[in-house]
Amino acid sequence: MAGCGVRWQYILGAALSGALLLTAGILLGHYAIYKEPQTPEWLHSLSRDLDPALLEDFMNQVEAARIGQNLKDLSSKPHMATTKGDEELVQLILKAWRDPQTGLDSAMEGQYEVFLSFPDPEKPNSVAVVMENGSQAFISQETEKNLTADQADRDVVKPYAAYAPPGNPKGKLVYANQGKMSDYEYLVQQGIDLNGTIAITRYGGAGRADKAINGAKFGVVGVVVYTDPGDINDGKASATETYPYSWYLPPSGVERGSYNSHFGDLLTPYYPAKGFTYRIPEDQITGIPPIPTQPIGFEDAKTLICNLAGNPVAEAAWQGALGCVYHLGPGFRQDGLFPNSSEVQVNVHNYRRINTSSNVMGLIRGSVEPDRYVLYGNHRDSWVHGAIDPSSGTAVMLEISRVLGKMVKEGKLRAGCVCVFYFLWWGVKHGNSRGRSVSGQKDASPTYCLPPPFSLGSLGAGSDYASFIHYLGITSMDIAYTYDRSKTSARIYPAYHTAFDTFHYAETFIDPGFTSHQTVARTAGNVLIRLADALILPLNVSDYGETLQQMYSVAREAFQADLTHHNISLDPLWAAINRFQAAAAGLNQRIANLREEANPSPLDVRMVNDQLMLLERAFLNPRAFPEKYYYSHVIMASRSSSLATFPGLADAYDNAKEDGLWGEVHKQLTIVIQVIENAASILEPVAE
C-alpha cells in the first residue's frame with residue numbers, strides 16, 4: 001500500500017474484509033503546533049482538548065440512507081482490479097472528495113503498475129472427469145447460476161485461483177481435507193501414494209496458496225478447492241435453503257481469491273510498483289501455487305467427493321455436509337457415477353500481466369501539526385460486485401468523508417477545542433440497539449463520550465493494514481460490525497468472493513436499513529476525530545504489557561523443560577517484560593499528571609505522543625524472519641505453531657524438536673528480549 005506518506009503517526013484499517021492492494025484513503029492531520037512567539041495565545045490553543053460537542057455533531061450527521069445509496073452505487077457492477085468498473089469507481093471517489101460543499105481539502109490519484117492474474121475469457125477454467133477413452137464424464141460449471149439479475153452481468157469474472165499457473169494436469173482424485181501439511185502427511189500415513197494425484201480440498205485451515213504449495217511437496221500435480229456447506233452454511237446445502245431465500249451460499253457459489261501467501265506486489269517486494277521499479281523474474285516469485293489450481297462450487301464438489309473410493313473412510317474431523325460419507329480415494333469407487341479407471345483433470349488457462357491501477361487519496365490538512373497523519377482507508381476493487389467485500393467499507397468511508405468534508409467547509413473542524421478530554425468509542429450507539437452502546441452495555445447518556453483508551457491488540461495479515469503493522473510498525477486498527485457467532489458457525493459471511501455478494505444480498509440479509517453500517521461510520525469517525533484532535537493519543541500501552549505477560553506464561557508452560565535441558569533461560573525475558581510493564585505504568589502516570597495541568601507544556605505533550613506513536617516500531621526487527629516477506633514485527637508476526645506465544649520463538653522451538661537446532665531457539669529468544677527492552681526504553685522518561 002504505497003503512496004501514503006512517510007511520517008505517519010497512526011493508521012486505521014477500516015475494512016470490513018480484505019482483497020488486493022488497491023486503496024482509497026483519508027488523511028487527517030493532527031490539529032496541534034503553530035509557532036507565533038509574539039502571541040502567547042498559541043500556548044493556550046495547544047492545551048485545548050477535544051470538544052465533545054464536535055463528536056456529537058458528527059454523529060448526528062451520519063445518515064444510514066446515504067450509506068445505503070453509496071453501497072448501491074459502488075456495487076452496481078463488477079469492479080475487479082484495473083477493469084472498467086474499477087476505473088469508474090476511481091472517478092466516483094474523486095468526484096465525491098472534490099465536491100465544493102462536502103469535499104475534502106484536496107484529492108489526488110496515484111498510479112502504479114501492478115502485477116495481476118486473470119482467467120482467459122475465451123478459455124474457461126474447469127475441472128473434469130476423464131474416461132479411459134478420453135471422453136469427459138463430468139465437467140464443472142463455468143460460473144454461478146443466474147439466481148438474480150446480478151449473476152448475468154457480462155463483466156462477472158468466471159471463478160479462478162489468482163496467480164495459479166496454467167496447465168492441464170490429470171490424475172487420480174484424493175480428498176485432502178483443508179490442504180494443510182498435516183493433512184497430506186495423514187494421507188501418506190494411510191498408505192496413499194500422492195505422486196501424480198489431483199487433490200480436492202476445502203477452504204479453511206490453511207491459506208489458499210498453501211493448499212497447493214503443500215500438496216506439490218508430496219507429488220500432487222493439481223488442486224481443486226471448494227467451500228463445504230458444513231463450514232459456511234451451518235450444514236444447509238439445498239437450493240431452497242440458500243440465497244436468494246436466505247444468506248447461505250447457493251450450491252453453485254464459488255469463492256474466488258488471491259492465491260498468494262505474501263502481501264504487496266509480487267514482482268516488486270519492499271518497493272512501490274512504479275514504472276521505474278526493478279522487478280524480479282517471475283520464476284523467483286514465492287508464495288503462489290506451483291501447480292494448476294481451480295475453485296469450484298460445493299454442488300460440483302459433491303459429485304466428485306461423494307463418488308470417491310478408499311478404505312477406511314475419512315476421519316470424523318474431515319467429514320463435511322455434502323450429504324455423503326467422505327472417503328479419501330485415490331480414484332472413484334466401482335459402484336459410483338464414474339469407473340474406477342477415470343481420472344480428474346484440472347484445466348487452468350490463467351495468464352499474468354502488469355496493469356495500471358490507482359490509489360485515491362483525500363486530505364484534510366491539520367491546522368496545528370500538519371506534519372502528522374491519521375490514515376483511514378479501505379480497498380476499492382472486488383472479485384465481482386463486492387457489496388460486502390469491500391464496498392461496505394468504502395460506502396462507510398464515503399459517508400464519513402462527506403460529513404467531515406462538510407464540517408471542514410463550515411469551519412467546524414478549525415475551531416479550538418475547549419472541553420476536557422474523554423476516552424471513548426465503545427459508547428457509540430447502534431441504530432437498532434435500544435440505547436445500547438457498541439460494547440453492548442446499557443447507556444442512557446445522550447453523549448458518545450464514555451470508556452477507556454484504545455487497547456493495543458493483535459492483528460493478522462489478511463487485510464489492508466498488514467504492511468503498515470507488520471513492516472512499518474504503525475499502530476493499526478481494524479473496525480467491523482460482524483454477525484453473532486453464537487448463532488452460526490460460518491467462518492465468514494457465506495457469499496464471500498462470489499457472484500452473490502450483491503447489493504440485494506446486503507440489503508436483504510446482511511443489514512436491512514443499513515443501521516449497522518451507520519454504527520461503523522459513527523465509530524470510525526469518532527476514532528478519527530479523537531486521534532486527530534485529542535491532546536494526548538488515546539492509546540493504552542499497559543495492555544501491551546498484559547499481552548506480553550500472557551505470551552510469556554504460554555512459553556514458560558510449553559518450553560521451560562526443554563529450554564532448561566539445553567541451557568536456555570527464560571529469566572531475561574521475564575525481566576524485560578517487568579521492565580516494560582514498569583515503564584508503561586510510569587508513562588500512564590505522566591499522562592495523568594499532564595491532564596491535571598490547566599495549560600500543559602506543548603513540548604511535554606508532544607514528547608508523550610511521540611512515545612505512544614513510536615512504541616510499535618520498537619518491536620520491529622527486519623532480520624528476525626528472513627524467510628517471510630515484510631514480516632518484521634516480532635510480537636505480531638505470523639506463526640506456524642499452534643501456541644499463542646512469541647511467533648519466532650514458538651516456530652523455532654517446534655523446528656528444534658524435529659531438527660535439534662536449539663541455537664535458533666536461543667537466537668529467537670534473544671530477538672524477543674531485545675525488542676521488549678527497546679520498547680521499554682521508548683516508554684521510559686527522558687533523562688534530565
Side-chain angles (χ1 to χ4, degrees), residues 80 116-130 136-145 156-179 183-184 194 196-216 219-228 231-232 249 251-261 287-305 307-308 322 329-330 338 342-352 383-384 496-499:
M80 196 166 67
L116 300 175
S117 169
F118 300 94
D120 188 332
E122 304 301 322
K123 298 178 181 178
N125 295 348
S126 65
V127 175
V129 175
V130 181
Q136 291 184 344
F138 164 84
I139 188 167
S140 60
Q141 301 170 62
E142 286 188 14
T143 190
E144 286 95 340
K145 291 180 179 177
V156 169
V157 66
K158 291 180 172 60
Y160 76 113
Y163 299 110
N168 307 92
K170 184 171 60 175
K172 295 289 186 178
L173 186 68
V174 296
Y175 171 55
N177 192 31
Q178 297 176 324
D183 293 334
Y184 289 110
L194 294 176
T197 61
I198 303 294
I200 184 167
T201 69
R202 54 181 177 169
Y203 276 116
R208 299 186 190 99
D210 291 333
K211 298 176 188 299
I213 294 171
N214 295 340
V220 172
V221 295
V223 171
V224 181
V225 188
Y226 78 102
T227 303
D228 198 284
D231 299 326
I232 202 79
L249 180 67
S252 66
V254 184
E255 179 183 323
R256 300 148 179 81
S258 180
Y259 281 61
N260 173 19
S261 300
I288 60 176
I291 53 179
T293 305
Q294 177 64 20
I296 61 174
F298 68 77
E299 184 174 31
D300 288 338
K302 178 177 181 178
T303 302
L304 298 174
I305 291 177
N307 284 281
L308 277 175
L322 292 178
F338 315 114
S342 300
E343 295 184 313
V344 169
Q345 186 169 40
V346 180
N347 301 299
V348 176
H349 305 284
N350 298 346
Y351 66 95
R352 303 164 184 171
W383 291 103
V384 195
Y496 176 68
H497 285 192
T498 74

Between [X] (side chain) and [Y] (backbone), is there a donor-acceptor pair under 3.5 Å?
X	Y	answer
His497	Glu255	no
Arg202	Asp231	no
Glu144	Ala499	yes
Asn347	Ala128	no
Ser261	Gly287	yes
Ser252	Lys145	yes
Gln345	Ser126	no

Minimum heavy-atom distance between [X] and [Y], given as atom pair plus value:
X	Y	result
Ile198	Gly171	CG1-N, 3.6 Å
Arg352	Ile288	NH2-CD1, 3.6 Å
Tyr184	Gly179	CE1-O, 3.4 Å
Tyr226	Gly297	CB-O, 4.4 Å
Pro119	Asn350	CA-OD1, 3.7 Å
Val348	Thr293	CG2-O, 3.6 Å

Take Phe118 and Val157, measure what side chain to side chain contact (heavy atoms under 4.5 Å, CB included) needs, and give me the verdict at the end.
-> CA-CA 9 Å; Phe118 300 94; Val157 66; over 6 Å; no
Could you measure the distance from the [atom1] atom of [X] to the [atom2] atom of [Y]? Nearest 0.5 Å is fine.
X	Y	atom1	atom2	answer
Lys172	Leu308	NZ	CG	11.0 Å
Gln294	Ile200	CD	CD1	11.5 Å
Tyr351	Leu116	OH	CG	10.0 Å
Ile305	Asp300	CD1	CG	11.0 Å
Leu304	Ile296	CG	CD1	5.0 Å
Ser342	Gln136	OG	CD	11.5 Å

After noting the C-alpha distance and the side-chain angles of Val346 and Ile291, does the key distance pass the side chain to side chain contact (heavy atoms under 4.5 Å, CB included) rule?
-> CA-CA 10 Å; Val346 180; Ile291 53 179; over 6 Å; no
Is Pro165 close to Pro289 at the side-chain level, that is, under 4.5 Å between some pair of heavy atoms?
->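 They are in contact (side-chain heavy atoms under 4.5 Å apart), so the answer is yes.
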Any side-chain heavy atom of Val254 within less than 4.5 Å of one from Thr143?
->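 Not touching, per the 4.5 Å side-chain cut-off.
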Indicate the ring-plane relationship of Tyr160 and Trp383, choosing parallel, tilted or perpendicular according to the 30° and 60° boundaries.
->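 Rings of Tyr160 and Trp383: perpendicular, over 60°.
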Are Ile232 and Phe298 close enough, and set up right, to give a side chain to side chain contact (heavy atoms under 4.5 Å, CB included), and what steps lead you there?
-> CA-CA 11 Å; Ile232 202 79; Phe298 68 77; 5.6 Å; no
Is there a side chain to side chain contact (heavy atoms under 4.5 Å, CB included) between His349 and Asn125 once you walk through the steps?
-> CA-CA 6 Å; His349 305 284; Asn125 295 348; 3.7 Å; yes
Looking at Asn307, Leu322, Asp228, which one forms a side-chain contact (heavy atoms from CB on, under 4.5 Å) with Lys302?
->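 Checked Asn307, Leu322, Asp228 against Lys302; only one passes side-chain contact (heavy atoms from CB on, under 4.5 Å): Leu322.
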